[in-house]
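Down below is the structure, laid out as structure tokens.
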Number of protein chains: 2
Amino acid sequence: MKRSLEHIEYNQDTEAMAKFAKALGHPTRIAILKHLENQSCCFTGDLVEVFPLAQSTISQHLKELKNAGLIQGELKPPKIKYCIQRDNWNKAKSLFLEFFE
Amino acid sequence: MKRSLEHIEYNQDTEAMAKFAKALGHPTRIAILKHLENQSCCFTGDLVEVFPLAQSTISQHLKELKNAGLIQGELKPPKIKYCIQRDNWNKAKSLFLEFFE
DNA sequence: AAAACCTATCGTATATTTGCGATAAGCAAT
DNA sequence: ATTGCTTATCGCAAATATACGATAGGTTTT
């Protein structure tokens, strides 16, 4: 990408919402989050069984959701338990609510 | 992208929401939509003056929003007036509402 | 210490996205 | 018909995203 202009400055809410939206912009990630909502939490392995995707692919999607702040991982040896990150979840929620009015 | 599996089948709502989210996944497009909400409608040229981006770039973002169904263009020669597509907007709204509960 | 299990990361291939300038396309007015 | 105005599209370049297999890293159990 050519970035002649040193990154446009947007409103902070705009940036935050775009970041959340981007993370939600893939059906697999939506599905993962819906799954997490139902189960409240789950392990990577559970998801690998639910979705016909390679373990590395699932892991990558989880990483993106984590980077966006929508989920968080908790070490439960020998597994890792992923849960919704409620603070950011609520933040995203209110951003979308406000956006759509 | 390698697609060994012939495209995973997701729930229709999941697919729809991911499509909307993807369109919202860029700050410029969020900003354009916010602008449209304020003004109710506007022309491509207006946006070119608001954002420090090339006209072709703006046009491309508008195209994506149109493809996602979030806006619609109406010919007002010699200009084109863009407005929010209310039906799909409301659909997106309810999808996100339901998603976040 | 070794084996087994679970998950993350690396390397690779391909597709998509983002952005620009240049050009084309459509319409109005001259 | 030509000009001018507005917007879309094309062609390019660079960055990101998506998916996989292979491998590494960390824990627990043997």
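Here the structure is a predicted model, which is why all the values come from computation and not from measurement.
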Between [options], which one does the side chain of [X] approach most closely?
{"X": "B/Ile80", "options": "D/dT18, C/dT7, D/dT7", "value": "D/dT7"}
{"X": "A/Arg29", "options": "C/dA8, D/dT18, C/dC20", "value": "D/dT18"}
{"X": "A/Lys63", "options": "C/dT7, C/dT9, C/dT18", "value": "C/dT9"}
{"X": "B/Ser56", "options": "C/dT7, C/dT16, C/dG21", "value": "C/dG21"}

Inset, instruction - Give a yes or no on whether a donor-acceptor pair under 3.5 Å exists between the nucleobase atoms of C/dA8, that is its base, and the side chain of A/Gln55. - result: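 Yes, a donor-acceptor pair under 3.5 Å.
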
Inset, instruction - Find which nucleotide of DNA chain D each of A/Thr57 and B/Lys79 is nearest to by heavy atoms, and output the residue with the more 5' nucleotide. - result: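 Checking each residue's closest nucleotide, the 5'-ward one belongs to B/Lys79.
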
Measure the distance from [atom1] on [X] to [atom2] on [N] and round it to the nearest whole Å.
{"X": "A/His61", "N": "C/dA8", "atom1": "NE2", "atom2": "C1'", "result": "15 Å"}
{"X": "B/Leu62", "N": "C/dG19", "atom1": "CG", "atom2": "C1'", "result": "15 Å"}
{"X": "A/Leu24", "N": "D/dT18", "atom1": "CG", "atom2": "P", "result": "12 Å"}
{"X": "A/Leu53", "N": "D/dG21", "atom1": "CG", "atom2": "C1'", "result": "14 Å"}
{"X": "A/Gln60", "N": "D/dT16", "atom1": "CD", "atom2": "P", "result": "15 Å"}
{"X": "A/Asp46", "N": "C/dT7", "atom1": "CG", "atom2": "P", "result": "8 Å"}
{"X": "B/Asn67", "N": "D/dA8", "atom1": "CG", "atom2": "C1'", "result": "13 Å"}
{"X": "A/Ile58", "N": "C/dT9", "atom1": "CD1", "atom2": "C1'", "result": "16 Å"}

Give the ring-plane orientation class for [X] versus [Y], where under 30° counts as parallel, over 60° as perpendicular and anything between as tilted.
{"X": "A/His35", "Y": "A/Phe51", "result": "perpendicular"}
{"X": "B/His61", "Y": "B/His26", "result": "tilted"}
{"X": "A/Phe96", "Y": "B/Phe96", "result": "parallel"}

Inset, instruction - Ignoring backbone atoms, test whether B/His26 places a side-chain nitrogen or oxygen under 4.0 Å from the OP1 or OP2 oxygen of D/dA15. - result: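 For D/dA15, OP1/OP2 do not have a side-chain N/O of B/His26 under 4.0 Å.
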
Inset, instruction - Count the heavy atoms of every other residue, nucleotide or ligand shown that sit under 6.0 Å from CD of B/Gln12, and state whether that count exceeds 12. - result: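 Counting neighbours around CD of B/Gln12, 12 or fewer heavy atoms of other residues, nucleotides or ligands fall under 6.0 Å, so no.
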
Legend entry - Heavy-atom neighbours of A/Lys91 NZ exceed 12 at 6.0 Å: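 Not buried by this count: 12 neighbours or fewer within 6.0 Å.
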
Inset, instruction - Pick base, sugar-phosphate or nothing for A/Thr44, based on heavy-atom distances below 4.0 Å to the nucleic acid. - result: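 Sugar-phosphate, backbone atoms only, no base.
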
Inset, instruction - Quick one: label B/Glu64 by what it contacts on the DNA or RNA (base, sugar-phosphate, nothing), any heavy atom closer than 4.0 Å. - result: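 Answer is sugar-phosphate: B/Glu64 comes under 4.0 Å of backbone atoms only.
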
Legend entry - Residue mapping more 5' on DNA chain C - nearest nucleotide basis, A/Lys81 or B/Leu75: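 Looking at DNA chain C, the more 5' nearest nucleotide goes with A/Lys81.
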
